[in-house]
Amino acid sequence: MNSRKVRVRFAPSPTGGLHLGGVRTVLFNYLFAKQHGGDFILRIEDTDQTRFVPGAEAYIFNTLNWCGLTPDESPVHGGPFAPYRQSERKASYRQYAEELVKNGYAYYAFDTPEELEQMRAQFKTAENPSPQYNQQIRIKMRNSLTLDAATVAQLLKDGVPHVIRIKMPEQETVHFTDMIRGEVSFHTSQVDDKVLLKADGMPTYHLAVVVDDYLMQISHAFRGEEWLPSAPVHLLLWKYLGWEAQMPQWAHLPLILKPEGNGKLSKRDGDRLGFPVFAMDWTDPKSNELTIGFKERGFLPEAFVNLLAMLGWNDGTDQEIFSLDELVQKFSIERVHKAGAKFDYEKAKWFNHEWIKRTEARRLLPAVKEILAADRMMVTDDALLEKIINLVKERCTLLTDFTQQASFFFALPAEMDTAAVKPKWDDKKNLFFTELIRSFQLSTLWEAAGLETTFKELAAANQLKPGELMLPLRIMLVGGKYGPGVFDIAAILGKEETIRRITHTLSLLEHA
RNA sequence: GGCCCGUUCGUCUAUCGGCUAGGACAUCUCCCUUUCACGGAGGAAAGACGGGUUCGAUUCCCGUACGGGCUACCA
């Protein structure tokens with residue numbers, strides 16, 4: 001259809017943490033671009049100066065970096081179409097708005113916020129709870145359509161605050177082909193006269209997105225479904241500005257919904273239901289309130305990207321685990337679902353579990369080290385840690401699970417679940433372990449299989465079932481009813497430490 | 001309210017007119033394991049409703065219902 005270079009953009013407004021749905025939009029943009037050998041541009045849409053949040057832009061970059069979705073062009077990466085922050089492009093928008101006015105596609109409006117409020121109050125009825133600045137209303141307002149030319153000229157000359165609004169045509173049907181939804185159409189009589197240029201001289205999203213997509217030669221525009229209703233405004237702007245031939249192809253992505261059904265997923269749902277919604281931790285600079293992120297919850301970026309991709313897309317087979325590279329290869333926008341998807345945290349965790357299981361210990365090492373360090377466990381022996389990771393990773397759903405699964409290798413268990421053995425504890429068992437200590441002391445070869453043999457032979461000699469003794473040994477070494485095979489643990493702990501822990505617990509049981 | 005979009009197991013989804021409607025998560029049963037997991041076997045579980053079109057509809061069309069989005073000088 002068009003053979004020009006694929007250029008896509010993600011255009012967030014830096015007002016806080018990056019929502020999971022936002023990251024998915026990035027992902028689909030990225031996949032599409034990379035698959036077609038195109039460029040992925042990050043453009044910051046900071047046209048609302050009242051919503052500036054310090055740190056939000058840096059957060060976006062950190063998040064993309066963590067996910068491995070690096071832009072080719074952005075405020076920090078630079079590029080041939082700089083600047084990539086709309087606030088820095090402010091000067092370029094007015095001319096286009098003025099051009100629209102000159103050609104009769106837009107008009108000046110001098111209504112104050114109070115007047116607008118008044119208008120809404122005045123026309124508000126039960127049937128029409130939110131009156132719009134549309135074809136019926138605009139003739140009742142103060143704008144260059146109702147005021148005579150001289151008055152308008154004077155107002156302009158006096159520097160009276162005003163906006164520029166698009167003049168929606170009366171009887172037209174605007175339609176386009178959405179890459180996901182197919183044919184979509186709107187009747188212009190139902191669309192209001194959106195503000196294009198604000199009184200502060202900044203463009204609204206509607207103008208900025210069209211101008212910048214044009215200037216930056218964007219070929220495909222992917223965004224959330226919540227933008228669908230304003231699509232006719234954008235379509236018309238492309239046409240009125242004379243750029244129709246260069247208009248990108250649109251794709252409106254389905255929304256990510258709350259687990260229990262009603263509405264799109266929000267940060268609040270995560271807080272309420274106990275799962276992350278933001279990609280990474282976000283601390284609101286005003287309230288200092290911390291919102292947990294997937295990263296800090298213990299998700300691998302590979303898993304995060306994978307689960308996001310599967311929310312609304314599949315390759316038509318039963319495959320569910322995809323690497324980023326694989327996604328780049330197999331992704332197709334046509335296979336993206338139309339309907340919104342309810343977010344299922346259980347399934348999200350499953351993806352992470354799968355990725356932990358299939359990721360090499362060596363690559364898990366830095367993250368695990370960090371997690372243990374957060375628990376005051378400084379591990380210096382990488383080789384040892386790697387061995388431990390391999391031993392326990394299949395029972396870790398989140399990276400943070402390594403705290404429980406691995407820390408007993410490095411420190412005496414903080415809690416000793418002696419209650420689990422005490423009810424069935426007797427002198428016979430006590431004797432057995434005393435003897436076990438002795439034979440462990442004598443053993444020259446310290447490895448799992450050998451220890452198990454020693455253990456079982458000794459049990460037989462004492463006429464005890466090994467099964468009755470395994471749990472006590474586990475408690476002695478681990479502190480609780482979890483962890484990998486006991487003899488594997490003993491092998492890693494080493495002779496001295498193993499004996500020390502058995503002795504220690506024995507005395508605990510005696511004095512309890 | 002208006003406009004727009006959507007609708008297959010509880011959840012994510014496969015199906016592109018003829019299927020015993022498949023898979024995954026969760027759930028249940030069993031096996032493995034005298035910890036917790038992993039793994040294995042099996043079970044229960046779905047086409048919103050009503051009309052068409054058709055030899056035949058989950059699949060195409062139209063209504064209805066339900067769900068969602070938008071309705072700011074926010075994106």
*Asks:* Pick base, sugar-phosphate or nothing for A/Leu116, based on heavy-atom distances below 4.0 Å to the nucleic acid.
*Replies:*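 It contacts base atoms.
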*Asks:* Expressed as a whole number of angstroms, how long is the span from A/Asp192:CG to B/rC74:P?
*Replies:*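 After rounding, the gap between these two atoms is 13 Å.
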*Asks:* Please identify each residue that fulfils side-chain hydrogen bond (donor to acceptor under 3.5 Å, both in side chains) with A/Ser74, with sequence neighbours left out.
*Replies:*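 side-chain hydrogen bond (donor to acceptor under 3.5 Å, both in side chains) check on A/Ser74 returns A/His77.
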*Asks:* Verify the distance criterion only: is there a donor paired with an acceptor across the side chains of A/Asp269 and A/Ser266 at less than 3.5 Å?
*Replies:*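 Side-chain D/A pair, A/Asp269 to A/Ser266: present.
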*Asks:* Please tabulate, one pair per line, each protein N/O and nucleotide N/O from nucleotides 2-7 of chain B that are separated by under 3.5 Å, including the distance.
*Replies:*
residue: B/rG2; atom: O2'; partner: A/Gln190; partner atom: OE1; Å: 3.1
residue: B/rC5; atom: O2'; partner: A/Arg181; partner atom: NH1; Å: 2.5
residue: B/rC5; atom: O2'; partner: A/Glu225; partner atom: OE2; Å: 3.1

*Asks:* At 4.0 Å (heavy atoms only), tell me whether A/Asn128 reaches a base, stays on the sugar-phosphate, or touches nothing.
*Replies:*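 Base, at least one base heavy atom under 4.0 Å.
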*Asks:* When all nucleic acid strands are considered with a 4.0 Å heavy-atom cut-off, which category describes A/Arg335: base, sugar-phosphate, or nothing?
*Replies:*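 Sugar-phosphate only.
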*Asks:* Distance check: side-chain N/O of A/Lys347 vs OP1/OP2 of B/rU13, anything under 4.0 Å?
*Replies:*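 So the side-chain polar atoms of A/Lys347 never come under 4.0 Å of the phosphate oxygens OP1 or OP2 of B/rU13.
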*Asks:* Output the single nucleotide from B/rG1, B/rA75, B/rU15 whose closest atom is nearest the side chain of A/Pro129.
*Replies:*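 Nearest to the side chain of A/Pro129 among the choices is B/rG1.
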*Asks:* Whether A/Lys481 contacts B/rC36 is assessed here as follows: a side-chain N or O lying under 4.0 Å from the phosphate OP1 or OP2. Is that the case?
*Replies:*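 Indeed not, no polar side-chain atom of A/Lys481 lies that close.
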*Asks:* What is the distance from CG of A/Leu255 to P of B/rC12, rounded to the nearest Å?
*Replies:*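 Atom CG in A/Leu255 sits about 13 Å away from atom P in B/rC12.
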*Asks:* Taking the six-membered ring for Trp, is the centroid-to-centroid distance between A/Trp227 and A/Tyr205 below 6.0 Å?
*Replies:*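 Distance test on ring centres: under 6.0 Å, yes.
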*Asks:* Who are the side chain to side chain contact (heavy atoms under 4.5 Å, CB included) partners of A/Tyr107, not counting sequence neighbours?
*Replies:*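 By the side chain to side chain contact (heavy atoms under 4.5 Å, CB included) rule, A/Tyr107 matches A/Ala109, A/Tyr133, A/Arg138, A/Asn143, A/Ser144, A/Leu145, A/Arg165, A/Lys167, A/Asp193.
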*Asks:* Does a nitrogen or oxygen in the side chain of A/Lys264 sit under 4.0 Å from OP1 or OP2 of B/rC70?
*Replies:*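 A/Lys264 to B/rC70 OP1/OP2: side-chain N or O found under 4.0 Å.
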*Asks:* Write down the distance between CG (A/Asp488) and P (B/rC38), rounded to a whole number of angstrom.
*Replies:*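 My rounded result for the distance is 18 Å.
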*Asks:* Rounded to whole Å, please give me the gap between CD in A/Glu320 and C1' in B/rA14.
*Replies:*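 Atom CD in A/Glu320 sits about 11 Å away from atom C1' in B/rA14.
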*Asks:* Please name all residues satisfying salt bridge (charged side-chain N to carboxylate O under 4.0 Å, His left out) with A/Glu394, sequence neighbours left out, ordered by chain then number.
*Replies:*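 For A/Glu394 there are no salt bridge (charged side-chain N to carboxylate O under 4.0 Å, His left out) partners, ignoring immediate neighbours.
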*Asks:* Whether A/Thr47 contacts B/rA75 is assessed here as follows: a side-chain N or O lying under 4.0 Å from the phosphate OP1 or OP2. Is that the case?
*Replies:*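 Checking A/Thr47 against B/rA75: at least one side-chain N or O falls below 4.0 Å of OP1 or OP2.
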*Asks:* Do any of residues 159-168 of chain A sit with a heavy atom less than 4.0 Å from RNA chain B, and if so which?
*Replies:*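 Hits under 4.0 Å, by residue number: A/Val163, A/Arg165.
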*Asks:* When you compare the side chains of A/Glu226 and A/His252, does any donor N or O come within less than 3.5 Å of an acceptor on the partner?
*Replies:*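 Checked: A/Glu226/A/His252 side chains show no N/O donor-acceptor pair below 3.5 Å.
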*Asks:* Which of these nucleotides, B/rU13, B/rA75, B/rC25, is closest to any side-chain atom of A/Trp227?
*Replies:*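 Nearest to the side-chain atoms of A/Trp227, counting from C-beta on, is B/rA75.
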*Asks:* Can you list, by residue number, the residues of residues 451-467 of chain A that have a non-hydrogen atom closer than 4.0 angstrom to RNA chain B?
*Replies:*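 Residues of residues 451-467 of chain A that come under 4.0 Å of RNA chain B are, in numerical order, A/Lys465, A/Gly467.
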*Asks:* Tell me if a side-chain donor or acceptor on A/Arg142 pairs with a main-chain N or O of A/Leu147 at a distance below 3.5 Å.
*Replies:*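 No: the side chain of A/Arg142 does not pair with the backbone of A/Leu147.
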*Asks:* Could you check whether A/His353 gets within reach of a base, just the sugar-phosphate, or nothing at all, counting any heavy atom under 4.0 Å?
*Replies:*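 If one applies the 4.0 Å heavy-atom cut-off, A/His353 turns out to touch the sugar-phosphate alone, with no base involved.
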*Asks:* For A/Pro254, which contact category applies under a 4.0 Å heavy-atom criterion: base, sugar-phosphate, or nothing?
*Replies:*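 Nothing, no nucleic acid heavy atom in range.
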*Asks:* Send over the distance from A/Lys429 NZ to B/rU34 C1', rounded to a whole Å.
*Replies:*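 Going from NZ in A/Lys429 over to C1' in B/rU34 covers 11 Å.
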*Asks:* When you measure from every atom of RNA chain B, which of residues 388-407 of chain A have a heavy atom less than 4.0 Å away?
*Replies:*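 Contacts with RNA chain B under 4.0 Å: A/Glu394, A/Arg395.
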*Asks:* Within this structure, what is the CD-OG distance for the pair A/Gln136 and A/Ser189, rounded to the nearest 0.5 Å?
*Replies:*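 With rounding to 0.5 Å, CD (A/Gln136) is 8.0 Å from OG (A/Ser189).
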*Asks:* Between A/Lys347 and A/Trp350, is NZ or CZ placed under 6.0 angstrom from the six-membered ring centre and within 45° of the ring axis?
*Replies:*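 A/Lys347 over A/Trp350 ring: yes.
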*Asks:* With sugar-phosphate meaning primed atoms plus P, OP1 and OP2, does A/Thr204 contact a base, only sugar-phosphate, or nothing at under 4.0 Å between heavy atoms?
*Replies:*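 The answer is sugar-phosphate, as A/Thr204 gets under 4.0 Å only of primed atoms, P, OP1 or OP2.
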*Asks:* Please determine which of A/Thr47, A/Asp212, A/Asp48, A/Asp46 meets the side chain to side chain donor-acceptor pair (under 3.5 Å) test together with A/Gln86.
*Replies:*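 When A/Thr47, A/Asp212, A/Asp48, A/Asp46 are each tested with A/Gln86, the side chain to side chain donor-acceptor pair (under 3.5 Å) holds only for A/Asp212.
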*Asks:* Look at A/Glu354 together with A/Lys357 and state whether they make a salt bridge at an N to O cut-off of under 4.0 Å.
*Replies:*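 Answer for the salt bridge query: yes.
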*Asks:* Quick one, give me the B/S/- string for nucleotides 61-66 of chain B, reading 5' to 3', where B means a protein heavy atom under 4.0 Å from the base and S means that only happens at the primed atoms, P, OP1 or OP2.
*Replies:* ------
*Asks:* Between CZ of A/Arg89 and CD1 of A/Ile44, what distance do you get to the nearest 0.5 Å?
*Replies:*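 One gets 12.5 Å once the value is rounded to the nearest 0.5 Å.
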*Asks:* Does B/rU71 have OP1 or OP2 under 4.0 Å away from a side-chain N or O of A/Lys194?
*Replies:*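 For B/rU71, OP1/OP2 do not have a side-chain N/O of A/Lys194 under 4.0 Å.
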*Asks:* Can the ring centres of A/Trp313 and A/Phe322 be said to be less than 6.0 Å apart?
*Replies:*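 Centroid distance A/Trp313-A/Phe322: below 6.0 Å, so yes.
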*Asks:* Using the side-chain heavy atoms of A/Asp344, tell me which of these nucleotides is nearest: B/rC38, B/rU11, B/rG69.
*Replies:*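 Of all the options, the side chain of A/Asp344 is nearest to B/rU11.
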*Asks:* Quick check on side chain to side chain contact (heavy atoms under 4.5 Å, CB included): which of A/Phe410, A/Phe408, A/Phe409 does A/Leu493 satisfy it with?
*Replies:*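 Of A/Phe410, A/Phe408, A/Phe409, side chain to side chain contact (heavy atoms under 4.5 Å, CB included) with A/Leu493 is met by A/Phe409 alone.
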*Asks:* Is the A/Phe294 to A/Phe304 ring centre distance short of 6.0 Å?
*Replies:*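 Yes, close enough.
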*Asks:* Please tell me which of A/Pro484 and A/Gly316 maps to the more 5' nucleotide of RNA chain B, matching each residue to the nucleotide holding its nearest heavy atom.
*Replies:*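 Per heavy-atom nearest nucleotide, the more 5' residue is A/Gly316.
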*Asks:* Expressed in angstrom and rounded to an integer, what is the separation of A/Leu253 atom CG from B/rG69 atom P?
*Replies:*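 From A/Leu253 CG to B/rG69 P: 16 Å.
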*Asks:* Using side chain to side chain contact (heavy atoms under 4.5 Å, CB included) as the criterion, list what pairs up with A/Lys465, not counting sequence neighbours.
*Replies:*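 Listed in chain order: A/Glu468.
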*Asks:* Check whether any side-chain N or O of A/Arg474 sits under 4.0 Å from OP1 or OP2 of B/rA37, and answer yes or no.
*Replies:*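 No, outside the criterion.
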*Asks:* Looking at A/Asp344 and A/Lys342, is any side-chain nitrogen of the basic one under 4.0 Å from a carboxylate oxygen of the acidic one?
*Replies:*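 Between A/Asp344 and A/Lys342 there is no salt bridge, as every charged N stays at least 4.0 Å from the carboxylate O atoms.
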*Asks:* Would you kindly give the CZ-to-C1' distance between A/Phe10 and B/rA75, to the nearest whole Å?
*Replies:*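 Distance, rounded to whole Å: 11 Å.
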*Asks:* Residues in ring-ring contact (aromatic ring centres under 6.0 Å, His included) with A/Phe402, at least two apart?
*Replies:*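 Per chain and number, A/Phe402 pairs via ring-ring contact (aromatic ring centres under 6.0 Å, His included) with no residue.
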*Asks:* State, without any angle test, whether A/Asn314 and A/Arg335 hold a side-chain donor-acceptor pair at a distance under 3.5 Å.
*Replies:*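 Yes, A/Arg335 and A/Asn314 have a side-chain donor paired with an acceptor closer than 3.5 Å.
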*Asks:* Of the listed nucleotides (B/rC36, B/rC73, B/rC12), which one gets closest to any side-chain atom of A/Ala341?
*Replies:*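 Of all the options, the side chain of A/Ala341 is nearest to B/rC12.
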*Asks:* Between A/Leu471 and A/Tyr133, name the one whose nearest nucleotide on RNA chain B is closer to the 5' end.
*Replies:*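 Whichever sits nearer the 5' end wins; that is A/Leu471.
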*Asks:* Can you tell me the distance, in whole Å, between the NZ atom of A/Lys124 and the P atom of B/rU71?
*Replies:*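 Result: 15 Å.
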*Asks:* Is there a side-chain contact between A/Tyr59 and A/Pro14, using heavy atoms and a 4.5 Å cut-off?
*Replies:*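 Sidechains of A/Pro14 and A/Tyr59: no contact.
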*Asks:* Counting the atoms with a prime plus P, OP1 and OP2 as sugar-phosphate, which does A/Gly312 contact under 4.0 Å by heavy atoms, base, sugar-phosphate, or nothing?
*Replies:*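 A/Gly312: backbone/sugar contact only, no base atoms under 4.0 Å.
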*Asks:* My understanding is that only residues two or more places apart in sequence, or in another chain, count here; which of them pass side-chain hydrogen bond (donor to acceptor under 3.5 Å, both in side chains) with A/Arg43?
*Replies:*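 Listed in chain order: A/Glu45, A/Asp213.
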*Asks:* Pick out the pairs of N or O atoms, protein on one side and nucleotides 29-32 of chain B on the other, that lie under 3.5 Å.
*Replies:*
none

